[in-house]
Novice: 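There's a structure below that I have some questions on.
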Amino acid sequence: MDAQHVEGDLAHVLLTEDQIHTRIKELATQIDADYAGRDLLLVGVLKGAIMVMADLARSLERSTDMDWMAVSSYGSGTTSSGVVRILKDLELDLTGRNVLVVEDILDSGLTLSWLLKNLTSRGTESVEVFTLLRKPDAMKVRIDPRYVGFDIPNEFVVGYGLDYDQKYRNLRCVGTLAPHIYT
Ligand code: 5GP
Ligand code: MG
């Protein structure tokens with residue numbers, strides 16, 4: 001689905017499919033170099049990270065393991081509390097693994113902060129973060145992702161895996177919603 005198919009729903013397109021793919025390819029080249037000679041396990045956070053995971057994993061020139069987690073953050077509406085419940089745990093054992101958490105967006109950082117502590121406690125060799133998007137102005141806890149696709153303004157965005165009320169995940173670009181959609 002392209003922006004033209006949801007015309008009227010979007011206020012504006014923030015990142016085109018081409019911009020996203022170019023940036024993911026650049027970061028994949030870095031990851032290939034950084035993890036050369038080491039094992040790599042990509043951990044995707046459902047459901048938002050599905051598109052990022054699919055494109056990042058295929059952009060790598062090496063083989064990588066992939067696993068998935070689903071977590072839910074107790075919070076009211078669009079703000080997260082940092083209190084997290086595991087809805088679906090990993091299937092793989094993390095002992096001695098080099099884990100790269102793959103995220104769609106880093107907002108307050110509260111959910112990810114909890115997740116990083118949880119993963120690190122499982123005997124990993126290393127845990128790093130890849131996030132396609134980051135909202136620097138929304139950050140409440142300090143997290144230093146090793147790989148960041150784009151820093152974006154503190155606005156609610158949809159597309160490329162990110163939803164509003166489960167919709168727009170299959171939009172190829174990332175855009176902001178027109179106010180009449182959520183008011
Ligand atoms: P955090 O704990 O960092 O505040 O929460 C991050 C999660 O909130 C993301 O994984 C995502 O599910 C959701 N989120 C944060 N900002 C946005 C946004 O602009 N658009 C959408 N669709 N989801 C967001
Ligand atoms: Mg997420």
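Just follow the structure's listing: the first ligand is 1, and inside any ligand the first atom is 1. Computed from a predicted structure; not experimentally measured.
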Novice: Check each atom of ligand 1 against the heavy atoms of E155 and keep those under 4.0 Å away; list them by number with element.
Specialist: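 Every atom of ligand 1 under 4.0 Å from some heavy atom of E155: 19 (O).
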
Novice: Between Y147 and Y35, how do the two ring planes meet: parallel, tilted or perpendicular, split at 30° and 60°?
Specialist: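 Y147 vs Y35 ring planes: tilted.
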
Novice: So which of V84, D104, L112 gets nearest to atom 12 (O) of ligand 1, if we judge by its closest heavy atom?
Specialist: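 Selected option, by shortest heavy-atom distance: D104.
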
Novice: Out of L106, T111, D107, whose heavy atom is nearest to atom 2 (O) of ligand 1?
Specialist: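 Among L106, T111, D107, the closest heavy atom to atom 2 (O) of ligand 1 comes from T111.
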
Novice: Less than 4.0 angstrom from a charged side-chain N to a carboxylate O is my criterion; do K167 and D9 meet it?
Specialist: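 Not counted as a salt bridge, because no side-chain N and carboxylate O are separated by less than 4.0 Å.
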
Novice: Taking N or O atoms only and a 3.5 Å limit, does V157 qualify as a polar contact for ligand 1?
Specialist: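 Yes; the residue has a nitrogen or oxygen that sits under 3.5 Å from a nitrogen or oxygen of the ligand.
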
Novice: Please confirm whether F156 comes under 4.0 Å of ligand 1, counting heavy atoms of the residue only.
Specialist: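 Distance cut 4.0 Å: F156 passes for ligand 1.
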
Novice: Using a strict cut-off of less than 4.0 Å between a Lys/Arg side-chain nitrogen and an Asp/Glu carboxylate oxygen, indicate whether D34 and R146 qualify as a salt bridge.
Specialist: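 Yes, D34 and R146 are salt-bridged.
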
Novice: Looking only at heavy atoms of G109, does any of them come nearer than 4.0 Å to an atom of ligand 1?
Specialist: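 Checking ligand 1 against G109, which is what was asked, there is a heavy-atom contact under 4.0 Å.
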
Novice: For a 4.5 angstrom cut-off between non-hydrogen side-chain atoms, does V99 reach V101?
Specialist: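 With C-beta onward as the side chain, the pair touches.
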
Novice: Using a 4.0 Å heavy-atom cut-off, say whether K140 meets ligand 1 through its side chain, its backbone, both or neither.
Specialist: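 Neither; nothing of K140 gets under 4.0 Å from ligand 1.
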
Novice: Could you work out, for atom 13 (C) of ligand 1, the closest of V158, V174, I105, L115 by heavy-atom distance?
Specialist: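 Nearest heavy atom to atom 13 (C) of ligand 1 lies in I105.
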
Novice: Regarding ligand 1, does S108 bring an N or O atom to under 3.5 Å of one of the ligand's N or O atoms?
Specialist: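 Indeed, backbone or side chain, S108 has an N or O that close.
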
Novice: Rounded to the nearest 0.5 Å, how far apart are OG1 of T124 and CG of L41?
Specialist: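 Atom-to-atom, T124:OG1 and L41:CG are 10.0 Å apart.
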
Novice: Check D104, D107, D151 against K135 for a salt bridge (Lys or Arg N to Asp or Glu O under 4.0 Å) and give me the one that passes.
Specialist: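 Testing K135 for a salt bridge (Lys or Arg N to Asp or Glu O under 4.0 Å) against D104, D107, D151 leaves exactly one candidate, D107.
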
